[in-house]
Amino acid sequence: MEQVSRFEGVEERILEKKSQIQFTEATNVILVVMSGTAQLNGYIPLINTSIFIGNLGLRMELKNEEDQPFVYRIYRFQQYKLRNRQDFQLTYELSKEYVNYNGLVYHKSSNKVRKVSEALYQANKESEQAHLLYKLLFTIEEEFKLQKSQLTEVTFQSVLDYVSINSNKPLKRDEVANHFGYHQNYFSKLIKAETGWSFSDYLAHIRLDKAKVLLLDSSYTITEVSRKIGYQDSLYFSRKFRKQTGLSPTEFRLFKGQKRIFTFQFTGDLLAAGIQPVGTLNWPGNIPPHFVQELGDAFLVPRDDYPTIEQLKALDVDLIIAPSYLYTHPKLIEELEKIAPVFILKWDRWDRLEEAKIIAKLLGREEETASWIARYKEKVVRGKELLKPIIEVGETVGVFELRENNQVGVWRSSARGAYNIYKQLELKAPKSIEEDVLTPHKHLVIDEYLISSYVADHMLVIVHTAEQGLRLKESKYWEAIRMKYHSKVYILQLEDFWASEGVFLEHQLDIQVKKLAEGDYIL
C-alpha cells in the first residue's frame, strides 16, 4: 500500500456557550460536530452536520457565540506514505500533509459517516479501529468529492455535452436516455424543451457542424470526414450537408475569403485575423467596451438581443459565425441558414489559440492570425521574465470571480483570462484548483466561506461593481485569506475579462502581468 493510517484515539469535548478555545494537535485530526454551532479559525462555520479534517500541527481556534454548548469529537490519526520498497521490505515515513494546508471541510455529512464515526468512537480493539478509520476517511473523501461536484452547474447541459462528445458513434435516443437514467418518453420531451429539436435533429446538427471544422483540413477526404462525424455513407452525409448549408462539402471547402461576416461571438478572433465584421452583438461577453470603437461602422446589436432576419438580410452577409449555445434557438439557426452559411463553433471549450486558427482557416487568413499569435507569444515571454522575481518558485496563482449571493467562481483555463495564467505564463495553480477545476475542465462555484479551500499565494479576483470591490476588502473571509495565509489579492474588472478570444485575450494578458508585476494588491 502506498499510504497507511494509524488510529491514535478519540475524545469528545464541549465548548461552553459564549466561549472560545485554541489548541494544536500533534496528529492529523477529524473534527465531527455532535451538536451546536461554532466558528473554526475565524471564518469556517461549523454546524451539527459538519466534518473537518486538518493536518498535524494545525493550530485551531473554536469560537462559540451561541447560547448553547458546542459539542464535538476530535479523532486523531497519523498518516504514513511509502518511502522505499526493497527486498520485500517496505519503509514508510510520516506524512505531514494529509489534505491541503487549509484542511478539508464540508457540511451535510451523511448518516453513513455518522454511523462509522460512532462505531469508531465505541471501538476498543486495534484491528477494528484500523478498519473503521480507513472506512471513515474513505467515506468522508467520497462525500466531499460528490458535494463539490454538485456545486458546479449541474444541468441538462451535461446530457448535451455527452451527445456532442460521442456524436461520432451510432448514438440512439433510448440508449442516451438510459445512460442518464431518464424514461425514454420523458427524455424526448426534455431534449425538445431544452433545444427545440428532436434528438435525431439535434444530433444531425452537431455532426454537420463538426464536419465544417474538419472540412477546413484538406488532408481529409469527404468520405473520411463523413466517417469521423458518425456517418458511414458519404453520399447520405453530402445530401444532409447540402440541405443544411446550401453547399456541398466540396463547395464549402472552397468557401473562403468572405468579406461580409456577422458574428454572434468570437469577435476577438476575427480582429486577430485582421477582419472587422459587418455586424455583431454589442455586449461585454462579446466585445469589451473599450474595443467597440475598433469595429468602425459595424452594425451593433443592442445588449440582450439578437439581430432580426430583416437586419441580417440588409447587411448582405456571406457568412454567419455562431457559438454552440445557439443550439437552444433552433428556429433562429434554421432562419440563419436560409441567409448564408452558418459556422457554429463550440463555445468555451476550445484551446484559445486553436480556436483562432480554426476561424483563420475558414476565412483564409492564416498568415494574419499567425502574425497575431507571434505577437501574443512575445508578450507571454516578456511577461514570464517580468514575473520571475515577483512570483517565487513554488508560489501559486488562482483566478476567481465574485458572484451574487456571496458566492465565488473558480474558473477553468478557457474563461476570464485564466488561459494566460495557467496555459501561457505557466503559473502554478493550487492543488485544489488543479484537481477540482483544471483537470476536469469544469468551472466551480462555491460559497464564499469555502474560499480557504482554494487559497493561492496570488489571487486574481474579478469583480462586477465597485460595491463588490469594497466587499472584497471588507469581507471577513477575504481578510482571513490575507492575514492568515498572507495571500496577495488583486482586483480586476469584469468588463475587461468577460470575453477571452483573440485580441481580447492579449489585452487581458497586459492587465494581468501589470497587476502582478507592480504588486497592485489589497493591503
Side-chain angles (χ1 to χ4, degrees), residues 15-24 29 31 33 36-55 58-70 72 99-108 144 147-148 151 395-411 430 432-433 436-437 444-494 515 519-523:
L15 180 61
E16 297 298 338
K17 62 183 182 179
K18 304 295 185 181
S19 63
Q20 62 186 60
I21 187 173
Q22 295 181 2
F23 58 93
T24 303
V29 298
L31 189 155
V33 180
T37 61
Q39 274 198 340
L40 174 63
N41 293 340
Y43 57 92
I44 301 175
L46 296 177
I47 58 178
N48 62 3
T49 58
S50 298
I51 295 290
F52 175 78
I53 300 182
N55 294 317
L58 178 68
R59 175 180 170 274
M60 288 182 280
E61 177 182 302
L62 286 172
K63 187 175 184 180
N64 179 9
E65 298 179 328
E66 304 301 320
D67 291 322
Q68 59 182 354
F70 176 69
Y72 62 102
V99 289
N100 72 68
Y101 60 87
N102 309 301
L104 177 157
V105 62
Y106 74 97
H107 309 294
K108 297 182 180 179
F144 178 66
Q147 290 198 21
K148 281 197 299 184
L151 286 171
E395 284 193 328
T396 57
V397 182
V399 177
F400 308 86
E401 179 184 346
L402 287 195
R403 312 266 295 196
E404 299 300 326
N405 303 317
N406 295 317
Q407 291 187 315
V408 179
V410 189
W411 297 115
S432 54
I433 292 181
D436 300 340
V437 179
L444 184 67
V445 178
I446 60 173
D447 290 324
E448 195 169 26
Y449 68 79
L450 293 174
I451 189 61
S452 62
S453 295
Y454 298 90
V455 69
D457 297 297
H458 301 266
M459 302 178 72
L460 298 164
V461 186
I462 295 163
V463 300
H464 298 205
T465 62
E467 289 76 16
Q468 281 192 335
L470 187 62
R471 165 182 149 196
L472 193 64
K473 294 177 181 178
E474 296 181 350
S475 163
K476 62 181 178 181
Y477 305 119
W478 291 96
E479 182 181 16
I481 290 296
R482 301 197 305 274
M483 298 298 107
K484 180 177 176 60
Y485 300 106
H486 307 293
S487 297
K488 295 176 180 177
V489 179
Y490 308 77
I491 299 179
L492 304 173
Q493 303 302 318
L494 178 63
K515 278 277 183 182
D520 186 10
Y521 53 85
I522 299 173
L523 298 175

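Numbers for residues simply follow the sequence, beginning at 1.
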If we only count heavy atoms from C-beta on, is the L62 to Y72 side-chain gap below 4.5 Å?
yes

Answer yes when D67 and K17 have at least one side-chain N-carboxylate O distance shorter than 4.0 Å, and no when they do not.
no

Rounded to the nearest 0.5 Å, what separates atom CD1 in I462 from atom CZ in R403?
11.0 Å

side-chain hydrogen bond (donor to acceptor under 3.5 Å, both in side chains) between Y454 and D436, intermediate numbers included
CA-CA 10 Å; Y454 298 90; D436 300 340; 2.9 Å; yes

Applying the side-chain contact (heavy atoms from CB on, under 4.5 Å) criterion to E401, which one of V461, L494, L492 satisfies it?
L494

Would you call the rings of F144 and Y106 parallel, tilted or perpendicular, taking 30° and 60° as the class edges?
tilted

For S50, give me all partners under side chain to side chain donor-acceptor pair (under 3.5 Å), at least two apart in sequence or on another chain.
H107

Salt bridge or not for K63 and E61, using N-O below 4.0 Å?
no

List in chain and number order the residues that pass side chain to side chain contact (heavy atoms under 4.5 Å, CB included) with Y521, two or more places apart in sequence or in another chain; answer none if no residue qualifies.
K488, Y490, L523

Evaluate the criterion side-chain hydrogen bond (donor to acceptor under 3.5 Å, both in side chains) for residue pair T396 and D457; output intermediate values, then yes/no.
CA-CA 5 Å; T396 57; D457 297 297; 3.2 Å; yes

Tell me, do W478 and L402 make a side-chain contact under 4.5 Å, heavy atoms counted?
yes

Side chains of F70 and V33 in contact at under 4.5 Å (non-hydrogen atoms)
yes

